[in-house]
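What follows is a short report on a single structure.
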Amino acid sequence: MLDNLSMGHEKAVRWGPLAKVDLRDRDGVLNVFKEYRPEAVVHFAACSFVGESMQDPGKYFANNTVGSQNLLDALVAHDVHDIVFSSTCATYGEPDTMPISEQTPQHPVNPYGQSKLMVEEMLAWYGQIHGLRWAALRYFNVAGADPDAEIGEEHDPESHLIPLAIWAAQGKRDQLSVFGTDYPTPDGTAIRDYIHVWDLVQAHLLALDFLQADSGPLQANLGTGNGHSVRQVIDTVGAVTGLEVPSLDTDRRAGDPPELVADARRATQQLQWTPQRSDLPTMVEDAWAWFRQQS
Ligand SMILES: NC(=O)c1ccc[n+]([C@@H]2O[C@H](COP(=O)([O-])OP(=O)(O)OC[C@H]3O[C@@H](n4cnc5c(N)ncnc54)[C@H](O)[C@@H]3O)[C@@H](O)[C@H]2O)c1
């Protein structure tokens, strides 16, 4: 595991060693490859706050794009061929048509999405020129927790809806802000496609097998194709926890599309991947089991 611990937690590293290295440190990354000789790489490291990227784009291009280039160069230098990359639905921007398939044009509307799209483009060139075998998995909204409740979401600041709703229910923050109640959706709140982290992990394992079978490259959405509104999430958190979720309706946030839902058929077909835990109640139950242990 390579991580600079800017956002990550050492206690979450359960299996194998941790190299505390920043991807922007080119020599440091090369040394990790020299020391640990990985067979393949799964590349999660990134800054991922859309709002921050609109304030400080340079941080996103340096960390996410240049950092990834250092990583790709280390793969090439050490003859490592396979890489699975955490991409995002933010590479699509604000498409007019739903669901979003991999053919939907990628027009990011913030530096975060752009920084990730640039990595996808680098992967294609490194694949063509250096023979890297790669998969870019475009996550929609990741949710849930380890089903054994050992590892859960611990972001600071937290920006994800389910943790924020649970905190509000637990009284750890005053109330949950509902950004926009006048969207053209059935209940007026924004709709997103949530995917359980457990199912996401399974997709990564399948993607590694896919690459090692020389079946790549692969660009695939990871979502379920089922959207849930902010209100539905709040109601589910209330039902699962048995607690009230205090919320406050506020204005829409700039750049928040009404609906982002994946067409995830490519991942299901190419990887034989079937989400098992990504129904909304299970995601909230698993998140709740973890959060309850923290208090
Ligand atoms: N969580 C989601 O809903 C979601 C959706 C789409 C894409 N993604 C992508 O999935 C990946 C993981 O997301 P997450 O929600 O777990 O975020 P996270 O912030 O919890 O994890 C990112 C990790 O990368 C590390 N990191 C950041 N910059 C680094 C650097 N320069 N060098 C070394 N380590 C560095 C952080 O310390 C952290 O442990 C990210 O690439 C993110 O863009 C997440």
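Both ligands and their constituent atoms are indexed starting at 1 by order of listing.
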- Query: Is it true that His160 lies under 4.0 Å from ligand 1, counting heavy atoms only?
  - Reply: yes

- Query: Any heavy atom of Ala143 sitting closer than 4.0 Å to ligand 1?
  - Reply: no

- Query: If you measure from the Lys or Arg side-chain nitrogens to the Asp or Glu carboxylate oxygens, is any gap between Asp3 and Lys20 under 4.0 Å?
  - Reply: no

- Would you check the N or O atoms of Gly8, main chain and side chain alike, for any that come under 3.5 Å of an N or O of ligand 1? yes

- Closest protein heavy atom (residue, atom, distance) for atom 42 (C) of ligand 1: Tyr112 OH, 3.6 Å

- Residue Phe44 vicinity, atoms of ligand 1 by number, heavy atom under 4.0 Å: 11 (C), 12 (C), 40 (C), 41 (O)

- Message: For a side chain to side chain contact (heavy atoms under 4.5 Å, CB included) check, start with the C-alpha distance between Trp125 and Gln128, then their side-chain angles and the critical distance, and finish with the verdict.
- Response: CA-CA 5 Å; Trp125 287 111; Gln128 191 175 314; 3.8 Å; yes

- Item | ligand 1 contacted by Val21 (non-hydrogen, < 4.0 Å) | yes

- Message: Distance under 4.0 Å to a non-hydrogen atom of Leu5: what atoms of ligand 1 satisfy this?
- Response: 37 (O)

- May I ask whether Glu153 places a heavy atom under 4.0 Å from ligand 1? no

- Heavy-atom closest pair, residues Val50 and Tyr112: CG2-CD2, 3.8 Å

- When distances are taken from atom 28 (N) of ligand 1, the protein heavy atom at minimum range is Asn63 ND2, 2.9 Å

- Numbered atoms of ligand 1 (with element) below 4.0 Å of Phe140, judged on heavy atoms: 3 (O), 5 (C), 6 (C)

- Item | Proximal atoms of ligand 1 relative to Val142 (non-hydrogen, under 4.0 Å) | 1 (N), 2 (C), 3 (O), 4 (C)

- Message: Taking Glu158 first and then Lys172, would you say they form a salt bridge - that is, a charged N and a carboxylate O separated by under 4.0 Å?
- Response: no

- Query: Tell me, which protein residue and heavy-atom name are nearest atom 19 (O) of ligand 1, and how many Å apart are they?
  - Reply: Met7 CB, 3.6 Å

- Query: Looking at Ser86, which atoms of ligand 1 are within less than 4.0 Å of one of its heavy atoms?
  - Reply: 9 (C), 10 (O), 11 (C), 41 (O)

- Which atoms of ligand 1 sit under 4.0 Å from any heavy atom of Ala45? 24 (O), 26 (N), 34 (N), 35 (C)

- Member of Lys116, Gln219, Glu120 meeting the side-chain hydrogen bond (donor to acceptor under 3.5 Å, both in side chains) criterion with Ser87: Glu120

- Would you say the side chain of Ile191 lies within less than 4.5 Å of the side chain of Pro186, judging by non-hydrogen atoms? yes

- Does Asp27 come within less than 4.0 Å of Lys34, counting only side-chain N to carboxylate O? no

- Note on the structure: Numbered in order shown, the ligand 1 atoms found under 4.0 Å of a heavy atom of Lys116 are 40 (C), 41 (O), 42 (C), 43 (O)

- Query: Does the distance from a Lys or Arg side-chain N to an Asp or Glu carboxylate O, for Asp82 and Arg133, drop under 4.0 Å?
  - Reply: yes

- Leu23: numbered ligand 1 atoms lying under 4.0 Å from its heavy atoms: 30 (C), 31 (N), 32 (N), 33 (C)

- Residues Asp146, Arg14; criterion salt bridge (charged side-chain N to carboxylate O under 4.0 Å, His left out); working and verdict: CA-CA 12 Å; Asp146 161 29; Arg14 299 291 171 88; 5.9 Å; no

- Query: So which protein heavy atom does atom 22 (C) of ligand 1 come closest to, and at what separation?
  - Reply: Ala46 O, 3.7 Å

- Minimum heavy-atom distance His43-Ser68, with the two atoms named: NE2-OG, 2.8 Å

- Ser6 near ligand 1 by a heavy-atom separation under 4.0 Å: yes

- Note on the structure: A student comparing Asp156, Asp3, Asn64 should find that the heavy atom closest to atom 39 (O) of ligand 1 comes from Asp3

- Checking side chain to side chain contact (heavy atoms under 4.5 Å, CB included) for the pair Leu260/Ile100: CA distance, chi angles, key distance, verdict? CA-CA 7 Å; Leu260 291 173; Ile100 300 171; 3.8 Å; yes

- Query: Would you say Asp22 has any N or O atom under 3.5 Å from an N or O of ligand 1, going by distance alone?
  - Reply: yes

- Query: At what distance is the nearest protein heavy atom to atom 20 (O) of ligand 1, and which residue and atom is it?
  - Reply: His155 NE2, 3.1 Å

- Message: For Phe33, run the side-chain contact (heavy atoms from CB on, under 4.5 Å) check against Asn31, Val29, Leu30 and tell me which one passes.
- Response: Val29

- Message: Do Val66 and Phe61 land in one hydrophobic cluster if side-chain heavy atoms of ILVMFWY residues count as linked below 4.5 Å?
- Response: no

- atom 1 (N) of ligand 1 protein-contacted (non-hydrogen atom, under 4.0 angstrom): yes

- Task: Ignoring angles and geometry beyond distance, decide whether Asn4 reaches within less than 3.5 Å of ligand 1 through its nitrogen or oxygen atoms.
- Result: yes

- Message: Pair Ser86, Tyr139 - check side chain to side chain contact (heavy atoms under 4.5 Å, CB included), show working.
- Response: CA-CA 7 Å; Ser86 303; Tyr139 312 169; 2.7 Å; yes

- Message: Among all the protein's non-hydrogen atoms, which is closest to atom 6 (C) of ligand 1, and how far away is it?
- Response: Tyr139 CB, 3.5 Å

